[in-house]
Protein chains: 2
Amino acid sequence: MADQKQKLELVKKPTVNDIARVAGVSLATVDRVLNRRPGVRAVTVQKVQKAIDELGYVRDTAAANLARNRVYNFLFVLPDTDNEFVKAISNQIAEQSRDQFIERTRITIKRVAPFEPQDIVNILDAVDSLDVDGVAVFGPETPSVRDAVRRLKDKGVPVVALVSDLPSSERDHFVGIDNVSAGRTAGQLMGRFVHREGKVLVLTGSRLARDHLERRQGFDLVVAEEFPHLEVVASVEGRDDPDLIYKMMPEIFETYPDLVGIYSSAAGNAGLIQFLSENKLSKDLVIIAHELTPLSREALRLGTFDALISQDTGHIVRSAVRLLRATSDKVPFNKAQERIRIDIYLRENLPP
Amino acid sequence: MADQKQKLELVKKPTVNDIARVAGVSLATVDRVLNRRPGVRAVTVQKVQKAIDELGYVRDTAAANLARNRVYNFLFVLPDTDNEFVKAISNQIAEQSRDQFIERTRITIKRVAPFEPQDIVNILDAVDSLDVDGVAVFGPETPSVRDAVRRLKDKGVPVVALVSDLPSSERDHFVGIDNVSAGRTAGQLMGRFVHREGKVLVLTGSRLARDHLERRQGFDLVVAEEFPHLEVVASVEGRDDPDLIYKMMPEIFETYPDLVGIYSSAAGNAGLIQFLSENKLSKDLVIIAHELTPLSREALRLGTFDALISQDTGHIVRSAVRLLRATSDKVPFNKAQERIRIDIYLRENLPP
DNA sequence: TTGAAAGCGCTACCAC
DNA sequence: GTGGTAGCGCTTTCAA
């Protein structure tokens, strides 16, 4: 025990004072070098840098943030829909705002009309880089949005894409799942769960939403490659609208009376669930949907849904905040921790 | 923008100085009240408490830790096996040690002979509450271990159970999955994936390991309830030993030539994989195993395994550290964030 | 039972 | 170019 204690105490990390002492300069100079501020002779920089390296110095961010009284102001831009998934995301933001507040982080949410790129553009363009330290955007990848993100980045504001990627915009990070893989996963489950031969329907959201397109693509690939007993029919666009979906269902079942599976790849599950609850359909009809929400959870529990592909909204929001903070501070982050998993839920592994 | 900025600045959290001013006492007294230290008159405590409540004060832990120069010393007790899962856990600990070091947390690992409760007991009893601020234990739930954990707790040392729960020991938290549900999940997948009638084998680890027992139990329940086409035969104890498992396999297939599924519920997958690679077996044989590791990942990719039930080792270790820290500081934690999910992996949703 | 003051690691302002 | 010093929010002697 004694030696353990000693060992633990020996392991003390060097501070700015240690650097100053070793390099034979003042604290102020050390600080200038650490923060790459101008006004230090190259020779001095060398000396200090040498001390830093020798001592293996790592900055204590907590102390630094305390000293500068740093506060992170982040802005989240979300579609103004009442769908459960978006609601879950905004609930998470609201909830975590409280905790983040203690950690010097202030979060503001702005809502935009769904599928209205111009709204997003207006908000992004109005961001003042002086009072916003980072922006998280959940929106479609249109050319105008892409350009607005670029302009934001040019102003020096870190940007992350939420849920649906904006790869062409040079956003700093994408926080969400790989949607092609998510679609593939749904395809694999569908192929495994459906034992009969027949047709499978894909219910999608919007052609504008990159995530929806990618899911469809992944799903089709796997079913075509691996499950010849299934035929994926032309997909139906539900615009994430429960009422619309509810109204479309009867016609769909008229057109395809031999449907053996439905992949609900977007939002609007409420309409699907309502239709199913009102119509006696084959018990063998396999339904795979997206996102764990109160409604889908209940459908899974009752056996209306057979599986859910999901992404943890709590994780997404925490990850977005951590990434914005890391980008803003120009410090590294833990890649594994920030990877959003493609969750599969069956009735058996639902969280309590 | 101006008003936004103003709003943001108005939202300044109160500090100890504010409390002192409002309560009309000194900083030292505020601190005494905040930390429930003795030597303050009841009236004064009231005054200070009133100010705290009025202002809605929340302590800045970072500043507090800085002032106290607090360092958390945590001990992880792990079985000394070379199985991939345990290796993944210790790799995670090693990796995160570096990051945690910066955050004033020092982690020590102690290894004990696997399935040797006495080893664990010795280590736990040797813990000095003066230089250890928390212990995470990955071990079997025997009476002796339970009692040792109790003694540790009596010494005031926070304890969390890792991976396999120790519910009877009054450990502060359990960090791991619900293993009954994990078994149920495996059962559901097995029932869905196997289309033929036949026998299913459960490969288990040790009778001492609570997690293994629970998985078996959950698996049996679901198969019995929902999948009459399957019969679960007496389970085989592989002691997490790849060689032993490898040697047992031929006899198993002699006894049950009509096996349609194997649920490998414990460690030692290497032996199973080796056997399968050397023997041409029915392509339809469904195999579900536990834990995503390099080996199981490859088996899944090749189609040797059909699904994996897993738990994120990175998350487990981070969670253990956060919980030990929260327990040690007697502060609340985010329950949702600490829930370890039962991950299901198919070939399609493997992380890159 | 209370308070003044120093200091944790770091930053920022003002002098020189 | 460089250094001294005050101060971020909190804790901890030491005195009174």
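Lettering of chains follows the sequences in order, A, B, ..., and the numbering in each one begins at 1. Since the model is a prediction, treat every value here as computed from it, not as a measurement. Side chains are part of it too, since the values below use all heavy atoms of this structure and drop only hydrogens, waters and symmetry mates.
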Calculate the interatomic distance between Leu66(A) atom CG and dA6(D) atom P; express it in whole Å. 18 Å
Can you check whether Asn65(B) has a side-chain N or O nearer than 4.0 Å to OP1 or OP2 of dC8(C)? no
Among dT11(D), dT2(C), dT11(C), which nucleotide sits nearest the side chain of Asp31(A)? dT11(C)
Assign Ala64(B) to base, sugar-phosphate, or nothing according to its heavy-atom contacts below 4.0 angstrom with the strands shown. sugar-phosphate
Answer yes or no: does a side-chain N or O of Asn69(A) lie under 4.0 Å from OP1 or OP2 of dG7(D)? no
For atom CZ of Arg21(A) and atom C1' of dG9(C), their distance in whole Å: 14 Å
Select one nucleotide: of dA12(C), dC8(C), dC10(C), the one nearest the side-chain heavy atoms of Ala67(B). dC8(C)
What's Val30(B) touching, base or sugar-phosphate or nothing? Going by heavy atoms closer than 4.0 Å. nothing
Find the distance Arg37(B):CZ to dC10(D):C1' and express it as a whole number of Å. 10 Å
Should the side chain of Arg32(B) and the base of dG3(C) be counted as holding a donor-acceptor pair, with the cut-off at 3.5 Å? yes
Length of the line joining Ile102(A):CD1 and dG9(D):P, which is rounded to integer Å: 15 Å
For Arg151(A), is there an ion pair with Asp125(A) - N to carboxylate O distance below 4.0 angstrom? yes
Any Arg68(A) side-chain nitrogen or oxygen under 4.0 Å from OP1 or OP2 of dC10(C): no
Please tell me which of the listed nucleotides, dT2(C), dC10(C), dG9(D), lies nearest to the side chain of Asp60(B)? dG9(D)
Within the structure, does a side-chain N or O atom of Thr29(B) lie under 4.0 Å from either OP1 or OP2 of dT1(C)? no
What's the closest nucleotide to the side chain of Thr15(A) if the choices are dG9(C), dC8(D), dT2(D)? dG9(C)
Can you tell me the distance, in whole Å, between the CZ atom of Phe101(A) and the C1' atom of dG9(D)? 15 Å
Taking 4.0 angstrom as the limit, do Asp128(A) and Lys155(A) come out as a salt bridge? no
Just N and O in the side chain of Arg59(A): are any of them under 4.0 Å from OP1 or OP2 of dT11(C)? yes
When the nearest nucleotide of DNA chain C is assigned to Val45(B) and to Val16(A) on a heavy-atom basis, which residue is associated with the more 5' position? Val45(B)
N/O donor-acceptor pair under 3.5 Å between Arg150(B) side chain and Glu170(B) backbone: no
Residues Asp18(B) and Lys13(B) bridged, charged N to O under 4.0 Å: no
Could you check Gly24(B) against Ala63(A) and say which one's nearest nucleotide on DNA chain C is further toward the 5' end? Gly24(B)
Take Thr44(A) and Asn35(B), find for each the nucleotide of DNA chain D with the closest heavy atom, and name the residue whose nucleotide sits nearer the 5' end. Thr44(A)
From the candidates dC10(C), dT1(C), dC10(D), the one with an atom nearest any side-chain atom of Tyr57(B) is dC10(D)
Less than 3.5 Å apart, any donor N or O on the side chain of Ser168(B) or Glu141(B) sitting next to an acceptor on the other? yes
Under 4.0 Å, counting only non-hydrogen atoms across every strand here, what does Asn17(B) touch: a base, just sugar-phosphate, or nothing? nothing
Of the nucleotides dC8(C), dT11(C), dT12(D), which has the atom closest to the Leu27(A) side chain? dT11(C)
Whole angstroms only, please: what is the CG-C1' distance between Leu34(B) and dG9(D)? 11 Å
Work out which heavy atom in Pro158(B) is nearest to a heavy atom in Asp133(B); give both atom names and the distance. CD-O, 3.2 Å
